[in-house]
Amino acid sequence: IRARDDVFIINLDKEGIKNSFSFVREWIKSYTREEIRKMDRNASTIFGIKEEILMENAGRTVAEEVYKILKKHKYPVVVFCGRGNNGADGLVCARHLLCKGVNVHIFLVDKREGTPLYNLQKKILENMNKEIFLQDDFEIPLKNKFIAVDAIFGIGFKGTVSTPLQEYIEMINKTAVLCVSVDIPSGLDANLGYTQKDVVQADLTVTFLGKKVGFLDTRAQEFLGKVK
C-alpha cells in the first residue's frame, strides 16, 4: 500500500485481496486534515463549542493517558511543544499533569511567536509560576530518564523538518523511556503518512476525532505505536 495525495493505491496480490476489505473499513473511519479542520470549525460555528474548550478536552485526554503510564513507569515527564495548536494541546496536558502532582518539565522548541491559543496556554502556565525551558536552555532534565510528550507538530505539518527541530526529534527517539504523541507523531503527514525521515517514534498516539488517513500508510504505522 502506498499513499499518493489523499488516495491510497493498493497492489492486490493474494494477501492484499484477503486484507482489502478490512483496509477499506479502516479508510472509511479515517480523516484527512481538511476534514478534521472542518469538524473543528463546525463544532464552533454550528454548536457553539469554543476552540478553548476543544483544546482543554484534548489536552486533558492526553494527560489522563500519560498518568496511566506513570502508574507503572515512575519517571519525570518532559513535554516538547511547538508553537502551533498542537503545542498548545501539549501545554494543556502539562498543566493537568502538574495539577496531579507530576514532575513535569516543559520545553518550547521554537522561540517565535505562537498561535493565539498557544500564547493563551503559555500565559496560563506562566501565571502558575511554572518554569518553562526555551531553546538552548534544556539540558539538566535530560540527564535523567524521562517520558516524552510529543507536541511539536500536528496535522498541519507538511514538507520537511528544519534544524534544530530535527535534533529534538532525534533526542526524543534516542533518550526517552517512552513517548506519547499528541494527535499524530511529529514529522508524519496527516494525509500522506511517511514522507520524510525525521519522525518521532511514539509508543502511544492519542489522536483526536478519529484516525488520520496518513495512519494507513504502512511506513507511517511503524511510528504510531498504539493508537487511542
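All of these numbers come straight from a predicted model, not from anything done at the bench. Index from 1, following the sequence.
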Considering only heavy atoms from C-beta outward, does the side chain of [X] approach that of [Y] to under 4.5 Å?
{"X": "Val62", "Y": "Asp89", "answer": "no"}
{"X": "Met39", "Y": "Tyr31", "answer": "yes"}
{"X": "Leu188", "Y": "Leu224", "answer": "yes"}
{"X": "Glu52", "Y": "Leu117", "answer": "yes"}
{"X": "Leu165", "Y": "Phe153", "answer": "yes"}
{"X": "Leu209", "Y": "Asp40", "answer": "yes"}

Run the side-chain contact (heavy atoms from CB on, under 4.5 Å) check on Leu98 and Leu125 step by step: do they pass? CA-CA 10 Å; Leu98 284 168; Leu125 283 164; 3.8 Å; yes

State whether the number of non-hydrogen atoms from other residues, nucleotides or ligands found under 6.0 Å of Glu51 atom CD is greater than 12.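 Not buried by this count: 12 neighbours or fewer within 6.0 Å.
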
Check against salt bridge (charged side-chain N to carboxylate O under 4.0 Å, His left out), Arg37 and Glu34: CA-CA 5 Å; Arg37 286 170 173 166; Glu34 292 77 18; 5.4 Å; no

Closest approach of [X] to [Y] (non-hydrogen atoms, all atoms of both residues):
{"X": "Ile172", "Y": "Ile152", "result": "CD1-CD1, 4.0 Å"}
{"X": "Gly87", "Y": "Cys81", "result": "O-SG, 3.5 Å"}
{"X": "Tyr67", "Y": "Lys100", "result": "CD1-CD, 3.6 Å"}
{"X": "Val104", "Y": "Ala94", "result": "CG1-CB, 4.0 Å"}
{"X": "Asp150", "Y": "Cys179", "result": "CB-SG, 3.8 Å"}
{"X": "Asp198", "Y": "Val161", "result": "O-CG2, 3.6 Å"}

Give, for atom [atom1] of [X] and atom [atom2] of [Y], the distance between the pair rounded to the nearest 0.5 Å.
{"X": "Leu70", "Y": "Ile147", "atom1": "CG", "atom2": "CD1", "value": "4.5 Å"}
{"X": "Leu108", "Y": "Leu91", "atom1": "CG", "atom2": "CG", "value": "6.5 Å"}
{"X": "Glu170", "Y": "Lys197", "atom1": "CD", "atom2": "NZ", "value": "8.5 Å"}
{"X": "Leu178", "Y": "Lys72", "atom1": "CG", "atom2": "NZ", "value": "11.0 Å"}
{"X": "Ile36", "Y": "Ser30", "atom1": "CD1", "atom2": "OG", "value": "9.5 Å"}
{"X": "Thr205", "Y": "Glu65", "atom1": "OG1", "atom2": "CD", "value": "11.5 Å"}

Would you kindly confirm whether [X] and [Y] end up in one hydrophobic cluster when ILVMFWY residues are joined by side chain heavy atoms under 4.5 Å apart?
{"X": "Val92", "Y": "Leu54", "value": "no"}
{"X": "Ile49", "Y": "Leu120", "value": "no"}
{"X": "Val149", "Y": "Met128", "value": "yes"}

Side-chain donor or acceptor of [X] paired with backbone N/O of [Y] under 3.5 Å:
{"X": "Asn119", "Y": "Glu113", "result": "no"}
{"X": "Asp217", "Y": "Tyr194", "result": "yes"}
{"X": "Asn173", "Y": "Gln201", "result": "yes"}
{"X": "Asp183", "Y": "Phe208", "result": "yes"}
{"X": "Asn86", "Y": "Val182", "result": "yes"}
{"X": "Gln196", "Y": "Gly159", "result": "no"}
{"X": "Ser186", "Y": "Val200", "result": "no"}
{"X": "Arg83", "Y": "Arg112", "result": "no"}

Answer yes or no: is there an ion pair linking [X] with [Y], defined by an N-O contact shorter than 4.0 Å?
{"X": "Lys122", "Y": "Glu126", "answer": "yes"}
{"X": "Glu56", "Y": "Lys50", "answer": "no"}
{"X": "Lys38", "Y": "Glu35", "answer": "no"}
{"X": "Lys212", "Y": "Asp189", "answer": "no"}

I'd like to know whether Thr207 forms a side-chain contact (heavy atoms from CB on, under 4.5 Å) with Phe215, so could you lay out the CA-CA distance, the side-chain angles of the two residues, the decisive distance to 0.1 Å, and finally the verdict. CA-CA 11 Å; Thr207 196; Phe215 290 6; 3.9 Å; yes

Does the plane of the ring in His73 sit parallel, tilted or perpendicular to the ring in Tyr75? Use 30° and 60° as the thresholds.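 Answer is parallel, since the angle falls under 30°.
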
Mutual orientation of the aromatic rings belonging to Phe80 and Phe146 [parallel < 30°, tilted 30-60°, perpendicular > 60°]: tilted

Would you please say whether a donor-acceptor pair under 3.5 Å links the side chains of Thr163 and Gln166? yes

